[in-house]
**Student:** 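Dropping a structure here in structure tokens format, bear with me for questions.
Just so it is clear: chains get the letters A, B, ... in the order the sequence lines come, proteins before strands, and each one is counted from 1.
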Amino acid sequence: GQNIDQPTEMTATEGAIVQINCTYQTSGFNGLFWYQQHAGEAPTFLSYNVLDGLEEKGRFSSFLSRSKGYSYLLLKELQMKDSASYLCAVSSDRGSTLGRLYFGRGTQLTVWP
Amino acid sequence: DVKVTQSSRYLVKRTGEKVFLECVQDMDHENMFWYRQDPGLGLRLIYFSYDVKMKEKGDIPEGYSVSREKKERFSLILESASTNQTSMYLCASRRQGASNQPQHFGDGTRLSIL
């Protein structure tokens with residue numbers, strides 16, 4: 001089976017830094033994606049990690065440790081518009097399921113002024 | 001930019017009706033997916049398709065079927081709608097090949113079954 005865990009809710013204040021963790025146990029692994037989803041909107045792609053280490057993209061960074069089955073999304077200089085749900089998803093590398101994603105339940109981030 | 005278009009944002013149907021949800025993508029993507037999203041449960045995969053005429057069951061296919069007659073269009077069919085199929089339905093597409101290719105999502109269809 002596939003198990004993707006992330007906290008349900010987090011809160012932070014504007015200008016702060018927040019780290020959203022994701023742990024996974026999957027039968028195959030071909031990379032980990034992070035998506036952002038504002039209320040009532042489509043999820044949008046934020047980042048992809050397949051090798052261990054940190055990938056930085058402006059205010060957002062994502063980290064992966066394959067040996068620990070662990071990833072985090074780091075958001076710096078938080079803005080009100082960062083209030084959204086953040087979805088962690090693992091890509092499977094098994095046969096016909098290549099490209100399929102297994103999603104966590106999402107972390108709802110609220111940024112306060 | 002990739003555009004994934006779902007035919008309706010909001011849809012209300014009655015129990016027992018046959019319901020069609022349509023999804024069209026404009027980037028010639030091979031892979032297409034249908035999810036439902038419910039509070040506290042996250043995104044759950046219903047069906048997906050690797051290419052035209054191909055389909056595979058996801059985690060919760062019961063009560064649903066799909067059709068992929070053309071590459072750009074992937075339809076989700078609720079054979080006989082029931083109230084427990086009230087949900088947000090999301091379609092996604094992806095270019096097959098490199099593992100770093102993300103899925104691109106449509107805006108979703110909020111379906112209510114009365």
Side-chain angles (χ1 to χ4, degrees), chain A residues 1-9 20 22 24 26-51 55 57 60 62 64 66 73 84-108, chain B residues 1-6 8-10 23-25 27 29-51 54-61 74 87-111:
Chain A
Q2 322 293 339
N3 193 35
I4 321 288
D5 279 322
Q6 49 182 133
T8 305
E9 294 179 327
I20 303 174
C22 173
Y24 64 90
T26 57
S27 53
F29 182 83
N30 202 25
L32 187 145
F33 291 83
W34 283 96
Y35 282 82
Q36 180 191 59
Q37 186 179 23
H38 286 102
E41 297 183 12
T44 55
F45 168 69
L46 287 178
S47 68
Y48 171 78
N49 295 70
V50 68
L51 300 176
E55 296 275 347
K57 266 189 189 180
F60 292 8
S62 56
L64 176 68
R66 291 185 66 159
L73 182 69
S85 183
Y86 291 86
L87 312 178
C88 172
V90 173
S91 176
S92 164
D93 64 355
R94 286 280 185 89
S96 67
T97 61
L98 186 66
R100 172 183 173 159
L101 293 180
Y102 295 90
F103 281 87
R105 297 185 178 189
T107 299
Q108 181 63 47
Chain B
D1 268 0
V2 176
K3 184 71 175 173
V4 179
T5 303
Q6 294 184 231
S8 307
R9 285 302 303 271
Y10 301 93
C23 176
V24 176
Q25 49 94 4
M27 286 301 292
H29 285 171
E30 292 83 4
N31 305 159
M32 295 189 76
F33 306 82
W34 273 108
Y35 297 88
R36 61 179 284 177
Q37 186 173 34
D38 300 288
L41 296 179
L43 280 162
R44 293 181 291 167
L45 183 64
I46 305 170
Y47 266 98
F48 56 111
S49 169
Y50 283 110
D51 213 328
M54 296 175 66
K55 60 184 178 183
E56 294 214 27
K57 292 180 180 179
D59 296 321
I60 51 165
F74 191 34
S87 186
M88 170 67 87
Y89 289 87
L90 287 162
C91 175
S93 74
R94 173 186 178 269
R95 185 173 306 285
Q96 189 158 293
S99 60
N100 64 351
Q101 291 294 323
Q103 291 185 17
H104 300 270
F105 287 84
D107 285 336
T109 296
R110 187 164 291 283
L111 176 65

**Student:** Could you look at B:R110 and say if it's the side chain, the backbone, both or neither that has a heavy atom under 4.5 Å from chain A?
**Tutor:**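 Interface part for B:R110: neither.
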
**Student:** Would you say the side chain of A:Y48 lies within less than 4.5 Å of the side chain of B:P102, judging by non-hydrogen atoms?
**Tutor:**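 B:P102 vs A:Y48: side chains apart.
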
**Student:** With chain B, which of A:G106, A:G31, A:P43 has the greatest number of heavy-atom pairs at distances under 4.5 Å?
**Tutor:**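 When all of A:G106, A:G31, A:P43 are compared, A:P43 has the most.
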
**Student:** Please round to the nearest 0.5 Å and tell me the distance separating atom OH of B:Y50 and atom CZ of A:R100.
**Tutor:**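 Here the interatomic distance stands at 8.0 Å.
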
**Student:** Taking side chain as everything from C-beta outward and backbone as N, CA, C, O, which of these in B:Q6 sits under 4.5 Å from a heavy atom of chain A? Side chain, backbone, both or neither.
**Tutor:**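 Answer is neither: B:Q6 stays 4.5 Å or more from chain A.
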
**Student:** Under the side chain to side chain contact (heavy atoms under 4.5 Å, CB included) rule, collect the residues that match up with B:V24, sequence neighbours excluded.
**Tutor:** B:E72, B:R73

**Student:** What distance separates A:F33 CZ from B:S99 OG, expressed to the nearest 0.5 Å?
**Tutor:**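 Atom-to-atom, A:F33:CZ and B:S99:OG are 7.0 Å apart.
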
**Student:** For the residue pair A:Q37 and B:L43, establish whether any side-chain heavy-atom pair is separated by less than 4.5 Å.
**Tutor:**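 No, their side chains stay 4.5 Å or more apart.
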
**Student:** Measure distances from A:I4 to the heavy atoms of chain B and classify the residue's part below 4.5 Å as side chain, backbone, both or neither.
**Tutor:** neither

**Student:** If you round to the nearest 0.5 Å, how far is CZ of A:F103 from OH of B:Y35?
**Tutor:**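 Answer for the OH-CZ pair, B:Y35 versus A:F103, is 4.5 Å.
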
**Student:** So, taking the atom named CG in A:N49 and the one named CG in B:N100, what distance separates them when rounded to the nearest 0.5 Å?
**Tutor:** 11.0 Å

**Student:** From B:D38 CG over to A:R105 CZ, what is the distance, rounded to the nearest 0.5 angstrom?
**Tutor:** 11.0 Å

**Student:** When rounded to the nearest 0.5 angstrom, what is the spacing between OG in A:S91 and CD in B:Q103?
**Tutor:** 8.5 Å

**Student:** Could you report the tightest heavy-atom contact between B:G106 and A:A42, atom names first, then the distance?
**Tutor:**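 Taking every non-hydrogen atom into account, O-CB, 2.9 Å.
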
**Student:** If you count heavy-atom pairs under 4.5 Å with chain A, which of B:A98, B:P39, B:G42 comes out on top?
**Tutor:**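 Answer, by heavy-atom pair count under 4.5 Å with chain A: B:G42.
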
